[in-house]
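Comments concern the structure below.
Keep in mind the model is a prediction, meaning the values are calculated, not measured. The basis for the numbers below is simple: all heavy atoms, side chains too, and nothing from hydrogens, waters or symmetry mates. All chains are named by letter (A, B, ...) in the order of the sequence lines, taking the proteins before the strands, and each is independently numbered beginning at 1.
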Amino acid sequence: MLLEVENLKTEFKVKRGTVKAVNNVSFGVEKGEILAIVGESGSGKSVSSLSVMGLIRDPGKVTGGRIMFHGENLVDKTKKEMNKIRGDKISMIFQEPMTSLNPVYKIGDQIMESILTHTDLSKAEARKTAIKMLDLVGIPSPEQRMEDYPHQMSGGMRQRVMIAMALSCNPEVLIADEPTTALDVTIQAQILELIDKLRNKIGMAVLLITHDLGVVAETADRVVVMYCGRIVEQADVKDIFTDPLHPYTKGLLESIPRMEEDKDRLFMIKGVVPDPTKLPKGCSFADRCDNCMEKCKEHMPALVDVNGRKVRCFLHSDEEEADV
Amino acid sequence: MIKYIIKRLLMLIPVLIGVSIIVFFLLRVCAPDPAPVVLGQHATEASMQEWREANGLNENIVVQYVNFIKGAVTGDFGESYYTNNSVLNEIGSRFPATIEIAIFAIIVATVFGIAIGVIAAVKKNSIIDNASMVLSLVGVSIPIFWLGILFIILFVKILGWLPASGRIDSMLRPDGGTGFYLIDTLVQGDFEAFKNALWHLILPGFTLALYTLAIISRMTRSSMLDALNQDYIRTARSKGISEGKVVIKHGLRNALMPIVTVIGLQFGSLLGGAVLTETVFAWPGIGSYTVECITKSDFPVIQAVVLIIATIFVLMNLIVDIIYAFLDPRIKYGKRES
Amino acid sequence: MARKKVLAADGVDVQEAVTIEKPESRFKAMWDTLKKNKAALFGLFVIIVLVIIAIIGPYITPYDPNAQVMSEAYQKPSATHWFGTDNLGRDIFSRIIVGTRVSLFVGIAAVAMSLLIGTILGSIAGYFGGKIDAVIMRIMDMMLSIPSILLAITLMAALGKGIDKAIIAIGVVSIPEYARIIRSSILSTKENDYVAAAKVLGNSDRRIIFHHIIPNVVSSIVVRATLGISTAILDTAALGFLGLGVQPPTAEWGDMLGRVRSMILVYPYMLIFPGLAITLAVLAFNLFGDGLRDALDPKSRS
Amino acid sequence: MENKEVLLEVQNLSKFFTVNTSFFGKPIDVLKAVDDVSFKIYKGEAFGLVGESGCGKSTIGKMLVNLYTPTSGKIIYDGVELTALKQKERRKYCREIQLIFQDPYASLNPKMTVGDIIAEPIIINKILPKNEVEKRVNYLLDCVGLANHQRNRYPHEFSGGQRQRVGIARALAVNPKLIVCDEPVSALDVSIQAQVLNLLDDLKDEFGLTYLFIAHGLNVVKHISDRVGVMYLGKLMEIAEKNELYNNPLNPYTQALLSAIPSVDITHKKERIILKGDVPTPINPPDGCRFASRCFKAEEKCNEHCPQLADIGDGHFVACDFCGK
């Protein structure tokens with residue numbers, strides 16, 4: 001495993017109590033693989049990715065677990081050490097291309113800044129690399145575009161610049177936090193195709209964070225489904241879509257309007273996501289689950305292996321989570 | 001860019017005309033008749049009538065206004081009722097004093113204000129942050145003149161370090177030159193006089209600076225906090241850039257823009273504040289002189305002072321807008337769209 | 001009309017809970033947050049004390065504030081005269097008590113005036129925009145281009161000295177500031193979807209302004225007004241200090257400082273207490289104003 | 001489809017915004033948000049309008065509810081030409097056509113309780129006497145799946161999905177016949193989205209409503225609408241019955257749009273049409289076919305003239321020279 005996260009715990013101190021945004025989460029990603037972390041808002045998918053990057057600021061804090069990368073635990077690293085890894089070995093792109101670039105600096109300078117921080121290239125060489133990167137991500141006439149400011153570019157273009165910036169130091173892992181959510185569907189198709197092409201070309205591992213199951217189906221190799229800060233299911237992309245095990249995954253898949261079918265009413269997962277500061281006893285999905293049993297309300301099921309896949313539901317095993 | 005500046009300059013004219021109308025209307029129409037005040041109670045009706053005739057106060061109000069504007073454009077604001085010396089000279093001799101203290105105050109306020117604001121924002125909810133909040137709250141609440149008085153009691157009466165009034169010891173006064181003693185003494189290489197002038201400037205300068213310093217530090221703190229919450233700061237951190245560089249190069253650079261606007265506005269209220277500071281420290285500037293003229297109903301001087309200060313203030317705003325345009329590439333003043 | 005049972009969002013049978021909750025009035029919500037803010041409470045406490053002093057002040061002063069007892073002039077603060085006596089032998093403590101009424105009254109009256117006119121001008125410019133907006137805003141720019149204290153003293157020169165003139169001067173000077181703030185908050189409120197919804201649902205312009213825009217703008221006006229009172233008190237004291245405010249013998253904090261300004265090195269005690277009173281009053285309104293802003297505007301609290 | 005009664009007809013509707021003017025007020029840049037659009041909506045139908053950002057779909061919605069006045073063109077509702085009416089009469093029709101907003105957090109007045117928000121339109125339009133208003137509000141809350149005891153709460157105490165339900169109840173309060181839904185579910189999570197879509201479906205049958213459903217997600221629009229119109233840069237490219245549009249898209253842009261939507265059906269991967277370049281700005285658009293700059297079938301003639309919407313038969317209209325008559 002290139003990057004291995006074990007029992008990660010990240011908590012936020014809020015007025016109403018502490019929110020266990022990421023609660024005992026484990027996953028790993030191989031070189032050249034795209035692992036998708038999917039879940040609705042508040043499921044902890046973004047917080048997990050930010051924890052890996054060490055970008056959790058107070059009132060949040062990584063309170064437990066290990067993030068193994070090249071045999072070292074990133075959680076124990078100091079700020080300075082993490083600065084060396086961030087942007088060089090592991091880099092990240094974000095959801096809002098409109099606000100993720102600094103509006104007062106030229107595109108070229110922002111890309112070169114990342115190169116100059118991590119390599120000892122001269123300014124001229126850094127400029128050449130930046131132009132090469134812009135070309136790699138498919139931006140027309142890169143020399144002129146180097147001089148542009150972010151507000152002179154469209155959302156799709158800016159996201160390409162973000163990708164160019166993230167890949168400028170040949171990272172081994174790219175974390176993409178909802179990279180195409182804010183983009184139009186035809187532009188989204190371009191960006192997803194670009195990420196896939198670069199993954200093959202550079203051979204980096206991609207951690208794709210999204211709430212859109214369509215994006216997952218088209219792009220990912222393996223999928224992790226999260227709910228209320230916990231992993232509820234993990235499997236290859238084919239298995240998840242053809243034979244989902246966890247009721248939540250099944251519910252999500254059936255509540256998406258599909259182009260091919262012509263259903264009169266969509267399947268509805270009833271209820272709302274529980275309040276993160278006051279999570280119910282037992283399985284967090286219990287009161288929204290159609291096949292909820294007595295046990296589900298009392299104990300939290302453990303994440304168990306089911307022929308190569310992982311699922312957290314008493315329908316599949318009676319094992320209980322050790323420390324809730 | 002030039003096209004924009006010219007357009008803005010043209011737009012200033014109606015504003016200044018408006019200001020001149022307001023001031024002229026207040027002083028020539030609402031104000032009580034200046035004659036008895038200038039000539040003294042025992043003046044006879046005839047001598048007052050003759051004095052009014054001489055100063056053109058009897059003519060039709062519009063004619064008076066036109067003369068005033070014609071004069072103002074050429075710099076001739078008429079004569080002071082008391083010294084019969086041209087208003088321009090009266091103002092000219094006192095103006096450098098006010099500008100010197102205003103510039104000293106704006107520099108002190110900006111340097112300390114931004115520094116305190118940035119530190120308070122970066123170390124949010126720390127002792128420094130709370131201390132800066134208390135300082136800015138107190139700085140805004142203390143009346144400028146009382147602050148001056150406190151400084152005098154502390155530094156002059158009790159500690160005796162600094163002089164209480166005046167701009168320089170009379171025998172060290174540099175003659176000629178620009179009227180800015182700090183510059184004149186340096187130019188003439190007279191360090192003794194320079195030190196003395198500086199000693200005289202410290203107390204009134206800091207008195208005037210504190211209020212603006214409080215406003216700027218409060219503004220800087222909120223603008224920095226705002227900037228540090230933006231997405232591009234998270235992007236910068238994800239690029240592995242050191243925290244210090246992220247705060248200054250990415251954070252402060254964006255926070256500067258609203259701060260510049262506030263400094264521009266504050267320069268105007270500084271000129272106002274100078275009126276009080278000069279009165280407390282007997283600083284021979286335009287502020288204290290204006291107050292005298294008001295009590296003496298010396299209207300030509302007041303009209304000229306208000307118009308000149310308004311012009312400076314309006315030009316300051318234009319300069320601030322231009323600086324803003326350089327800081328923020330999104331604003332294009334007629335620059336060719338790339 | 002048989003109706004399909006629509007399952008409620010949170011799966012609870014819709015009509016189970018019968019008790020209709022009373023609307024938690026916004027005032028109570030604001031008060032809860034304000035209570036937690038110690039500084040704001042201190043500010044409010046001082047304001048209440050000042051108001052009480054302003055009302056019953058003249059009846060509880062130990063000495064007659066205007067009685068000139070030359071034999072007792074220049075006495076340092078002592079048991080008999082808590083704050084000492086001034087150059088005309090008048091008890092400074094009594095004069096400060098009486099001065100409270102003047103400063104508070106001028107402060108509140110000036111703010112009320114400028115708030116009223118500023119709100120009207122600001123809402124017209126903000127809501128209707130176009131030419132009226134341009135005209136009003138240009139006039140405001142003109143007034144703003146003259147520094148406030150300079151404009152105030154020019155007004156005083158034009159209107160003559162006296163408290164009522166001071167109120168007008170200070171009031172007029174802060175009209176542009178209120179007009180601008182209210183105009184910008186109306187512009188930002190106007191962009192919200194719920195104002196568009198009100199139009200679509202058939203609300204008249206008038207009703208939209210009073211039911212949808214003003215309630216959402218009121219909190220910023222109230223905060224502005226509280227902070228405005230502190231500025232007005234400062235300006236009143238400044239005019240007094242320059243000798244343009246009250247006429248002798250009435251007592252006013254700024255004026256008390258202005259009159260004995262030249263004796264600063266000889267009798268410094270005379271200049272301490274009036275200044276302290278001004279600062280305390282202004283600080284109280286600023287603290288309370290800040291506390292109010294955080295309580296009324298939930299976004300800024302997070 | 002022919003025997004259906006037409007509730008709303010839009011003829012050559014346009015809306016131009018002057019972006020900046022020269023010194024003398026002569027418009028230099030004109031944003032053509034909506035450019036010569038015509039379509040019909042039949043009574044009891046859900047007509048979908050789909051397109052990417054900047055295509056003008058929301059602007060059309062706002063013109064129907066009189067938030068924008070069109071630059072040119074006619075809006076005929078139930079046989080009455082609304083665009084010809086003076087504002088006073090036009091406001092009488094506001095009860096008939098209502099709007100549901102996209103952003104649940106900005107569309108409810110934060111200083112009013114949920115009960116008052118729903119009651120207000122009933123009171124100001126004098127639909128019911130005062131004493132019957134509360135009963136009506138309870139009924140509407142029940143219809144949209146909210147508990148009556150929540151009536152006195154403020155909007156900030158509700159989740160996104162619940163607020164959207166309040167917005168729907170408020171629109172229903174004036175017994176409208178046509179509801180324009182402007183991206184009602186885009187801001188919601190998938191599971192909540194399904195709840196609101198089902199609710200809208202139920203209410204359509206129950207209250208005999210007609211919907212104009214505006215969204216950028218074609219799968220959501222296809223699920224809830226009967227017919228779908230595809231828009232690009234202010235122009236209507238194609239109108240068709242939803243399954244016909246999915247199975248037999250004629251306009252190249254519709255084909256590209258359909259192929260770009262990531263589908264959850266993993267069994268058969270469809271080949272993807274990836275468009276080059278970016279969505280151009282609607283400011284000073286090219287004269288010819290708006291899609292010419294990115295179209296994979298584009299030819300010289302596409303840039304000359306702008307193809308009109310042609311009727312291909314049984315309600316299928318398309319605007320493209322290659323698949324015309």
Checklist outcome for this item: Value for CG (C/L150) from CG (C/L155), rounded to nearest 0.5 Å, stands at 10.5 Å
Checklist entry - In Å and rounded to the nearest 0.5 Å, what is the CG to CG distance from B/L307 to B/L16? => result 6.5 Å
Next on the checklist: Once rounded to the nearest 0.5 Å, what's the spacing between atom CD1 of C/I233 and atom CZ of C/F285?
Outcome noted: 5.0 Å
Item to check | Non-hydrogen atoms of C/L104 and C/A54 that approach each other most closely | outcome: CD1-CB, 4.1 Å
Next on the checklist: Please classify the contact of B/V291 with chain C as side chain, backbone, both or neither, using a heavy-atom distance under 4.5 Å.
Outcome noted: side chain
Checklist entry - Between B/F206 and B/F151, does the ring centre distance come in under 6.0 Å? => result no
Next on the checklist: Less than 4.5 Å to any heavy atom of chain C: does that hold for the side chain of B/I149, its backbone, both, or neither?
Outcome noted: both
Checklist entry - What orientation do C/F273 and C/F83 show, parallel under 30°, tilted 30 to 60°, or perpendicular over 60°? => result parallel
Checklist entry - Atom CG in B/L154, atom CG in B/L162: separation rounded to 0.5 Å? => result 9.5 Å
Item to check | Proximity breakdown for C/L257 and chain B, heavy-atom pairs closer than 4.5 Å | outcome: side chain
Checklist outcome for this item: Bottom line for B/I302: the part with an atom under 4.5 Å from chain C's heavy atoms is side chain
Next on the checklist: For B/L150, which atoms come within 4.5 Å of any heavy atom of chain C: side chain, backbone, both, or neither?
Outcome noted: side chain
Next on the checklist: Counting only non-hydrogen atoms closer than 4.5 Å, does C/L244 touch chain B with its backbone (N, CA, C, O), its side chain (CB onward), both, or neither?
Outcome noted: side chain
Item to check | Gap separating the CZ atom of B/F68 from the CZ atom of B/F77, nearest 0.5 angstrom | outcome: 6.0 Å
Next on the checklist: Once rounded to the nearest 0.5 Å, what's the spacing between atom CZ of B/F313 and atom CG of B/L265?
Outcome noted: 5.5 Å
Next on the checklist: Heavy-atom cut-off 4.5 Å, strictly under: side chain, backbone, both or neither for C/L276 against chain B?
Outcome noted: both
Item to check | Criterion side chain to side chain contact (heavy atoms under 4.5 Å, CB included) on B/L9 and B/L315, from CA distance to verdict | outcome: CA-CA 8 Å; B/L9 284 174; B/L315 287 175; 4.1 Å; yes
Checklist entry - Given the options B/V19, B/I17, B/L27, which has more heavy-atom pairs under 4.5 Å with chain C than any of the others? => result B/V19
Could you show, one pair per line, the donor-acceptor contacts under 3.5 Å between chain B and chain C?
from: B/S141; atom 1: OG; to: C/N286; atom 2: ND2; distance (Å): 3.1
from: B/W146; atom 1: NE1; to: C/L271; atom 2: O; distance (Å): 2.8
from: B/K157; atom 1: NZ; to: C/L265; atom 2: O; distance (Å): 3.4
from: B/R218; atom 1: NH2; to: C/D290; atom 2: OD1; distance (Å): 3.3
from: B/R218; atom 1: NH2; to: C/D290; atom 2: OD2; distance (Å): 2.5
from: B/T279; atom 1: O; to: C/R261; atom 2: NH1; distance (Å): 3.4

